[in-house]
Amino acid sequence: MNENLFASFITPTMMGLPIVILIIMFPTILFPSTNRLISNRLVAIQQWLIHMTSKQMMAIHNPKGQTWALMLMSLILFIGSTNLLGLLPHSFTPTTQLSMNLGMAIPLWAGTVILGFRHKTKASLAHFLPQGTPLPLIPMLVIIETISLFIQPMALAVRLTANITAGHLLIHLIGGATLALLSISTATAFITFIILVLLTILEFAVALIQAYVFTLLVSLYLHDNT
């Protein structure tokens, strides 16, 4: 209970050097490629899930937007696997860092916006001014729509950071409370432990859902600009 509540969110170091790059690269070994004609069950399940997710996410896109399929699938696999690995004891979750999430959100958002202005200039500019707007409200609406456009990457990053961080803090607090209650009331500690198990299961779902939501929103931004 004396441990710093935010200790698990500090970037880990080894011999004074940050090892966050190694942690970010670690999930890639969870998705092995095979040269066999018939894959094993693990690879077959992974390929089926990737194919199903890709088919659902790319269904709304035209051929130009479908060229982003590899990027979006890599994104959802990276965020999902990183979130799941962060639930292991004494591990570090890179997606709890707002700087990293902004580093993913801003380039992807900027890519979709630039693509829209390049190929659909009139439609992209039309988003700043809804049809039928009264003349006195035009300057205000242009400013509001511009601000809402630039808030999109911030919303992506903050949503992912807040959800993952809140779940980890709850697990930390309830786990500490369970240990403290063991010496006071075994029955209460057992009930708290059940809550902790249920919360951990919920966090597994949240880890996957947040990866899907992040990628889906990027996909929707792409759809609006292609």
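Each of I195, I194, L196 was evaluated against L198; a single residue qualifies, I194, per the side-chain contact (heavy atoms from CB on, under 4.5 Å) test.
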Could you walk me through whether H61 and S219 pass the side chain to side chain donor-acceptor pair (under 3.5 Å) check? CA-CA 9 Å; H61 290 284; S219 176; 2.6 Å; yes
Applying side-chain contact (heavy atoms from CB on, under 4.5 Å), run through M140 and I144 and close with a yes or a no. CA-CA 6 Å; M140 184 182 300; I144 292 173; 3.9 Å; yes
Derivation and outcome, side-chain contact (heavy atoms from CB on, under 4.5 Å), residues L149 and Q152: CA-CA 6 Å; L149 178 66; Q152 288 177 353; 3.9 Å; yes
side-chain contact (heavy atoms from CB on, under 4.5 Å), that's the test. Do Q210 and I79 meet it? Break it down for me. CA-CA 8 Å; Q210 288 305 314; I79 298 177; 5.8 Å; no
Checking V218 against M104 for the side-chain contact (heavy atoms from CB on, under 4.5 Å) test, could you report, in this order, the C-alpha distance in whole Å, the side-chain angles of both residues, the deciding distance, and whether it holds? CA-CA 10 Å; V218 173; M104 291 189 296; over 6 Å; no
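If you take CD1 on I209 and CZ on F204, they are separated by 13.5 Å, rounding to the nearest 0.5 Å. Taking CG of N83 as the reference point, atom CZ of F214 lies at 10.5 Å (rounded to 0.5 Å). From L160, atom CG reaches atom OG1 of T95 across 5.5 Å, with rounding to the nearest 0.5 Å. In this structure, the separation between CD1 on I164 and OG1 on T96 is 8.5 Å, given to the nearest 0.5 Å.
Taking all atoms of both residues into account, the shortest heavy-atom contact from G86 to T93 is CA-OG1, 3.0 Å. Of all the heavy atoms in L181 and T192, the pair that sits closest is CD1-OG1, 3.4 Å. Between L84 and A207, the shortest heavy-atom distance links the atoms CD2-CB, 3.9 Å.
Partners of T200 under the side chain to side chain donor-acceptor pair (under 3.5 Å) rule, at least two apart in sequence or in another chain, do not exist in this structure. Not a single side chain to side chain donor-acceptor pair (under 3.5 Å) links T178 to another residue, sequence neighbours left out.
Taking the six-membered ring for Trp and the full ring otherwise, the centers of W68 and Y221 sit at least 6.0 Å from each other.
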